[in-house]
Amino acid sequence: MSTTEQTSASKRIAALLDDNSFVEIGGYVTARNTDFNLQAKQTPADGVVTGYGTVEGNLVYIYSQDASVLGGTVGEMHAKKIVKLYDLAMKTGAPVMGLIDCAGMRLEEATDALNGFGEIYKSQAMASGVIPQITAVFGSCGGGMAISAAMADFTFMEEKNAKLFVNSPNALDGNYTSKCDTAAASFQSQEAGNVDVMGSEEEILAKMRELITILPSNNEDDMSYDECEDDLNRICESIADGMEDPAVTLGMISDNGFFFETKSAYARDMVTGFIRLNGMTVGAVANRSVRFDEEGKEAEKFDGRMSAQGAAKAAAFVTFCDAFEIPVLTLTNCIGYQADMCQEKEMARAVASLNYAFADATVPKVNVVVGSAFGSAYVTMNSKALGADVVYAWKDASIGMMDAALAAKIICDDPEQVSAKAAEYQSLQSSALAAARRGYVDDIIEPEETRKRVIAAFEMLFTKREERPARKHGTI
């Protein structure tokens, strides 16, 4: 039984974990600093409940900050409890889940608190790529704690009252909260891209449980498998109708329609998330040209070009999948890169990161070209050249330097011959068949057969082993 009073912090733990599975660690710890008469204040558990428990039987370590104790601020002992939790998680190979409600650094402890933040950051850095790190923001997450949230693999945020900020909106030159609430969940999800999922407290706790059940516990002990009750050879009828929105097509391919989308509100031209194929967790990356709402109506339209934000979002996701041996599936439908002043500032760097992520990843990688795949954007999207193990193309897909009609206008001197030249160019240089003849596509498939073909490919690749050059780490 917990030694800590039942506050919102401990109630959140109870709601997240399996019933009666939580075991508290360090419940008797209190602040030991005496400056500014701090010893006269009650600091039960020093403002953070820490311990371990299970989610659907999976071991997890958890800390939950208590805003009723000095605003949940981080002091010396508060930080030491979190660091101790990370030490245990690293030893046993289990995820760490942080429930954040923190006013930032404890001013009464100053340098001790600063050192505490540094120790937390170091623990997170050492755990990165070894165990999954998941945070959820329920109240304030300001200053140094915002950095900690950003260092996690996945961040959830309560949509109405939670605040996530390094500098508060009123501290930004020319801004104030009512003008642009940069600390709000909507801003952090849609504009900053720091939040994967937002919703009510109950909704995000449920989504955190769902995420834990599909992720491996660590980078060596892969427990991200489940029994598949779906037909492995199921035909995905009408899948081509939803080609423009991969949130639809990925759900059709996946076991029982399962799709866990990450960063769904950010860089919507690129879709990232997890699906299940024959019970195995697979990371999915796909280009989007249309977003459909829950009723199947067109809610948002894109121009078919990759944004810098979308490339960066995909790069981080592929890097996570590779670290935890999660295979990657891509659905490619991209005609180029977005072209405007703001995009150009970040495009080269972001695309370089995505190129590196795909090329450096050693997990099984399967690519399905479902629409147009033109220019360097085609190369970037997990092409054979970057190391895709298997590449399929739908029968009507186009693969090449550019749209055949545009190419014909450039290379044809006679305006009357443009149409004929476009047809010739399509056949010789821009069709899926032309790419297959050159070995850049392994097979041309019917859209309806996508599920069974990618399942077969990943089963074939299950024992894949691939080495990289000896080095400390890359620099891209």
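None of these values were measured; they are calculated from a predicted model.
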- Sort out for me which residue in Val328, Val282, Val318 forms a side-chain contact (heavy atoms from CB on, under 4.5 Å) with Val363. Val328
- Message: Tell me which one of Leu16, Ile204, Val48 satisfies side-chain contact (heavy atoms from CB on, under 4.5 Å) with Leu99.
- Response: Leu16
In this structure, are over 12 heavy atoms from other groups packed under 6.0 Å from [X] atom [atom1]?
X	atom1	value
Lys464	NZ	yes
Glu344	CD	no
Asn256	CG	yes
Asn20	CG	no

Heavy-atom distance under 4.5 Å between the side chains of [X] and [Y], does that happen here?
X	Y	result
Phe458	Asn278	no
Ile82	Ser123	no
Asp181	Phe187	no
Leu17	Val55	yes
Val248	Phe292	yes
Gln309	Lys263	no
Phe462	Pro364	no
Tyr121	Ser148	yes

- Item | Worked verdict on Arg349 versus Glu346 for salt bridge (charged side-chain N to carboxylate O under 4.0 Å, His left out) | CA-CA 6 Å; Arg349 185 183 302 107; Glu346 302 294 334; 2.9 Å; yes
Distance in Å, [X] [atom1] paired with [Y] [atom2], rounded so as to fall on 0.5 Å steps:
X	Y	atom1	atom2	result
Ile326	Asn219	CD1	CG	11.0 Å
Thr182	Asn167	OG1	CG	8.5 Å
Met243	Thr249	CE	OG1	9.5 Å
Glu191	Ser186	CD	OG	8.5 Å
Asp389	Leu461	CG	CG	5.0 Å
Phe358	Thr330	CZ	OG1	5.5 Å

Is the side chain of [X] donor-acceptor paired with the backbone N or O of [Y] at a distance under 3.5 Å, no angle test?
X	Y	value
Glu56	Thr213	no
Tyr337	Gln343	no
Lys122	Val83	no
Ser254	Arg276	yes
Glu76	Asp112	no
Asn175	Pro169	yes
Ser21	Thr54	yes
Asn170	Thr177	yes
Asn367	Met381	yes
Asp269	Ser307	yes

So, using salt bridge (charged side-chain N to carboxylate O under 4.0 Å, His left out) as the criterion, who are the partners of [X] when residues are at least two apart?
X	answer
Asp245	Arg288
Asp255	Arg451
Lys84	none
Glu300	Arg268, Arg291

For residues 129-143, please give each side-chain donor-acceptor pair under 3.5 Å, one per line with the distance, not counting sequence neighbours.
| from | atom 1 | to | atom 2 | distance (Å) |
| --- | --- | --- | --- | --- |
| Gln133 | OE1 | Tyr86 | OH | 2.7 |
| Gln133 | NE2 | Gln124 | O | 3.1 |
| Thr135 | OG1 | Thr155 | OG1 | 3.3 |

Can you list the residues that meet the side chain to side chain donor-acceptor pair (under 3.5 Å) rule with [X], with sequence neighbours excluded?
X	result
Glu261	none
Lys313	none
Thr450	Trp394
Thr262	Thr272

- Residues passing the ring pair (Phe, Tyr, Trp, His ring centres under 6.0 Å) test with Phe317, sequence neighbours excluded, are Phe274
- Not counting sequence neighbours, which residues clear ring pair (Phe, Tyr, Trp, His ring centres under 6.0 Å) with Phe320? List them please. Phe154, Phe324
- Query: Tell me the salt bridge (Lys or Arg N to Asp or Glu O under 4.0 Å) pairs involving residues 358-379, sequence neighbours left out?
  - Reply: Asp360-Arg471
- Give the intermediate values and the outcome of side-chain contact (heavy atoms from CB on, under 4.5 Å) for residues Asp101 and Arg12. CA-CA 11 Å; Asp101 192 351; Arg12 286 169 183 148; 3.5 Å; yes
- Task: Step by step, work out the side-chain contact (heavy atoms from CB on, under 4.5 Å) result for Val74 and Met105.
- Result: CA-CA 5 Å; Val74 175; Met105 183 183 71; 5.8 Å; no
- Task: Kindly determine whether Lys160 and Glu158 satisfy salt bridge (charged side-chain N to carboxylate O under 4.0 Å, His left out), including the steps that lead there.
- Result: CA-CA 6 Å; Lys160 293 183 178 180; Glu158 194 277 329; over 6 Å; no
- Query: After noting the C-alpha distance and the side-chain angles of Gln65 and His78, does the key distance pass the side-chain contact (heavy atoms from CB on, under 4.5 Å) rule?
  - Reply: CA-CA 9 Å; Gln65 293 173 316; His78 183 122; 3.2 Å; yes
- Using the side-chain contact (heavy atoms from CB on, under 4.5 Å) rule, take Lys207 and Leu211 through it: C-alpha gap first, then chi angles, then the decisive distance, then the call. CA-CA 6 Å; Lys207 294 294 284 186; Leu211 180 59; over 6 Å; no
- Side-chain donor-acceptor pair under 3.5 Å between Tyr61 and Thr92, yes or no? yes
- Task: Would you mind checking if Asp46 and Lys80 are paired as a salt bridge, meaning a charged N to carboxylate O distance below 4.0 Å?
- Result: no
